[in-house]
Amino acid sequence: MYGVDGVVWRTPDSVQNQAAFARTANASGEAAYPQISMVCLMELSSHLLVNSVFDSVAENEMNLASGLIPSIPNHSLTLFDRGFYSLGLLHAWQQAQPDSHWLLPLKKGTQYEVIRTLGQHDPLVRLTTTPQARKKWPQLPDTLEVRLLTKTVKGKLISILTSLTDPMRYPSEDIVDLYAHRWEIELGYREIKQHLLESRFTLRSQVPELVTQELWGVLLA
């Protein structure tokens with residue numbers, strides 16, 4: 001079982017880093033540091049990092065995640081946050097290896113058509129892709145058939161989309177509970193930032209080439 005999620009690094013405010021890396025901005029203004037967006041593929045029980053893709057924070061996380069597709073293990077389930085809802089990305093992820101599956105929370109406002117019911121709170125649904133998505137992902141079909149599972153956890157209704165569509169191999173009551181393991185990747189990032197780097201959240205390197213070298217060194221460690 002694997003997880004994919006993003007993390008942001010800040011770099012020293014040098015002239016070279018300013019030219020290479022963007023800054024996030026909000027109503028209060030720009031961030032004080034040039035920043036890097038990183039997306040990792042992590043094995044969730046051991047926190048082993050399988051691979052990582054990173055670039056300026058201006059780069060979309062879903063574009064970065066697509067760079068992890070060649071690293072997807074066979075016979076795997078990858079847990080995503082709802083921010084990675086992209087039918088092109090999810091379809092490519094599932095097609096990468098035999099039995100490489102995905103799971104993520106239903107994004108608010110997602111339109112779908114119920115095909116048939118597999119069990120209680122367990123329909124097979126059809127998602128329609130957009131022309132823009134099919135242009136970006138040429139192998140993406142017009143529609144995808146996926147499973148939509150719902151369960152009430154501590155009084156809150158949880159809805160999960162997944163490519164695990166076989167109800168005999170993948171019992172519904174087990175799948176929704178798996179999503180709780182997604183937070184393991186957050187714990188893995190905490191191990192890197194708080195323990196390995198002793199909460200020094202700004203990287204040391206003053207030039208982009210050495211920033212890249214430093215980040216790969218941190219990931220390897």
Side-chain angles (χ1 to χ4, degrees), residues 1-8 37-50 60-66 68-69 72-73 75-97 99-130 133 140-141 143-191:
M1 187 162 57
Y2 296 82
V4 167
D5 206 356
V7 63
V8 173
S37 181
M38 173 186 286
V39 175
C40 295
L41 175 63
M42 180 183 290
E43 199 285 316
L44 296 180
S45 63
S46 64
H47 296 179
L48 172 69
L49 282 169
V50 177
N60 183 280
E61 281 190 340
M62 282 188 282
N63 292 337
L64 295 178
S66 67
L68 297 171
I69 290 174
I72 300 169
H75 302 294
S76 62
L77 173 64
T78 303
L79 313 185
F80 291 91
D81 182 73
R82 61 171 49 87
F84 287 89
Y85 180 80
S86 160
L87 295 184
L89 173 65
L90 296 174
H91 177 259
W93 202 273
Q94 185 179 354
Q95 298 300 309
Q97 294 282 357
D99 270 344
S100 54
H101 289 284
W102 53 265
L103 180 153
L104 85 171
L106 179 69
K107 190 175 182 179
K108 187 176 181 181
T110 300
Q111 300 295 310
Y112 58 85
E113 174 190 355
V114 176
I115 300 172
R116 65 178 185 274
T117 298
L118 304 176
Q120 188 177 19
H121 308 299
D122 185 5
L124 186 70
V125 302
R126 181 179 292 116
L127 302 173
T128 302
T129 63
T130 65
L140 181 63
T143 61
L144 296 180
E145 293 185 4
V146 303
R147 200 169 172 189
L148 174 60
L149 297 161
T150 58
K151 184 177 181 178
T152 301
V153 180
K154 296 180 179 179
K156 183 179 179 181
L157 186 66
I158 305 296
S159 299
I160 297 291
L161 287 175
T162 182
S163 61
L164 300 170
T165 55
D166 186 339
M168 299 301 292
R169 290 185 68 188
Y170 311 113
S172 60
E173 59 271 17
D174 296 338
I175 296 176
V176 178
D177 291 339
L178 288 176
Y179 186 69
H181 293 278
R182 194 197 72 82
W183 300 108
E184 291 294 332
I185 194 169
E186 304 287 354
L187 298 177
Y189 288 152
R190 186 177 70 180
E191 290 166 1

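Side chains included, hydrogens not; waters and symmetry mates left out as well; all remaining heavy atoms used. Remember, it's a predicted structure, so these values are computed and weren't measured experimentally.
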Over all atoms of both residues, closest heavy-atom pair of [X] and [Y]:
{"X": "Leu49", "Y": "Cys40", "answer": "CD2-CB, 3.6 Å"}
{"X": "Met1", "Y": "Glu43", "answer": "O-OE2, 3.4 Å"}
{"X": "Pro141", "Y": "His91", "answer": "CD-NE2, 3.6 Å"}
{"X": "Ile69", "Y": "Ala92", "answer": "CD1-CB, 3.7 Å"}
{"X": "Ala133", "Y": "Leu140", "answer": "CB-CD2, 3.7 Å"}
{"X": "Asn63", "Y": "Ser66", "answer": "O-OG, 2.5 Å"}

Step by step, work out the side chain to side chain contact (heavy atoms under 4.5 Å, CB included) result for His121 and Ser172.
CA-CA 9 Å; His121 308 299; Ser172 60; over 6 Å; no
Could you give me the CA-CA distance, side-chain angles and deciding distance for Val4 and Ile185, then say whether side chain to side chain contact (heavy atoms under 4.5 Å, CB included) is met?
CA-CA 7 Å; Val4 167; Ile185 194 169; 5.5 Å; no
Show me the pairs that pass salt bridge (charged side-chain N to carboxylate O under 4.0 Å, His left out) and involve [range], at least two apart or across chains.
{"range": "residues 157-166", "result": "none"}
{"range": "residues 80-93", "result": "Asp81-Arg182"}
{"range": "residues 105-123", "result": "Glu113-Arg126, Asp122-Arg147"}

Check for me whether the distance between the ring centres of Phe84 and Trp102 falls short of 6.0 Å.
no
Is it true that atom OH of Tyr112 has more than 12 heavy atoms of other residues, nucleotides or ligands lying nearer than 6.0 Å?
no
Looking at [atom1] of [X] and [atom2] of [Y], how far apart are the two atoms once the value is rounded to the nearest 0.5 Å?
{"X": "Leu164", "Y": "Ile175", "atom1": "CG", "atom2": "CD1", "result": "5.0 Å"}
{"X": "Gln94", "Y": "Thr162", "atom1": "CD", "atom2": "OG1", "result": "8.5 Å"}
{"X": "Ile160", "Y": "Leu104", "atom1": "CD1", "atom2": "CG", "result": "7.5 Å"}
{"X": "Leu178", "Y": "Leu149", "atom1": "CG", "atom2": "CG", "result": "10.5 Å"}
{"X": "Leu106", "Y": "Thr150", "atom1": "CG", "atom2": "OG1", "result": "10.0 Å"}
{"X": "Glu186", "Y": "His47", "atom1": "CD", "atom2": "NE2", "result": "10.5 Å"}

Does Trp93 offer a backbone N or O that forms a donor-acceptor pair with the side chain of Gln95 under 3.5 Å?
no
Whether Gln97 side chain and Asp99 backbone form a donor-acceptor pair below 3.5 Å
no
Side chain proximity check, [X] to [Y], heavy atoms < 4.5 angstrom:
{"X": "Leu41", "Y": "Pro73", "value": "yes"}
{"X": "Val146", "Y": "Ser163", "value": "no"}
{"X": "Tyr2", "Y": "Val50", "value": "yes"}
{"X": "Tyr170", "Y": "Leu77", "value": "no"}

Side chain to side chain contact (heavy atoms under 4.5 Å, CB included) between Thr78 and Ser100, intermediate numbers included
CA-CA 8 Å; Thr78 303; Ser100 54; over 6 Å; no
Just to verify, which of Leu161, Asp5, Leu103, Leu90 counts as forming a side chain to side chain contact (heavy atoms under 4.5 Å, CB included) with Phe80?
Leu90
Side chain to side chain contact (heavy atoms under 4.5 Å, CB included) for Thr165 and Glu145? Distances and angles first, verdict last.
CA-CA 8 Å; Thr165 55; Glu145 293 185 4; 5.8 Å; no
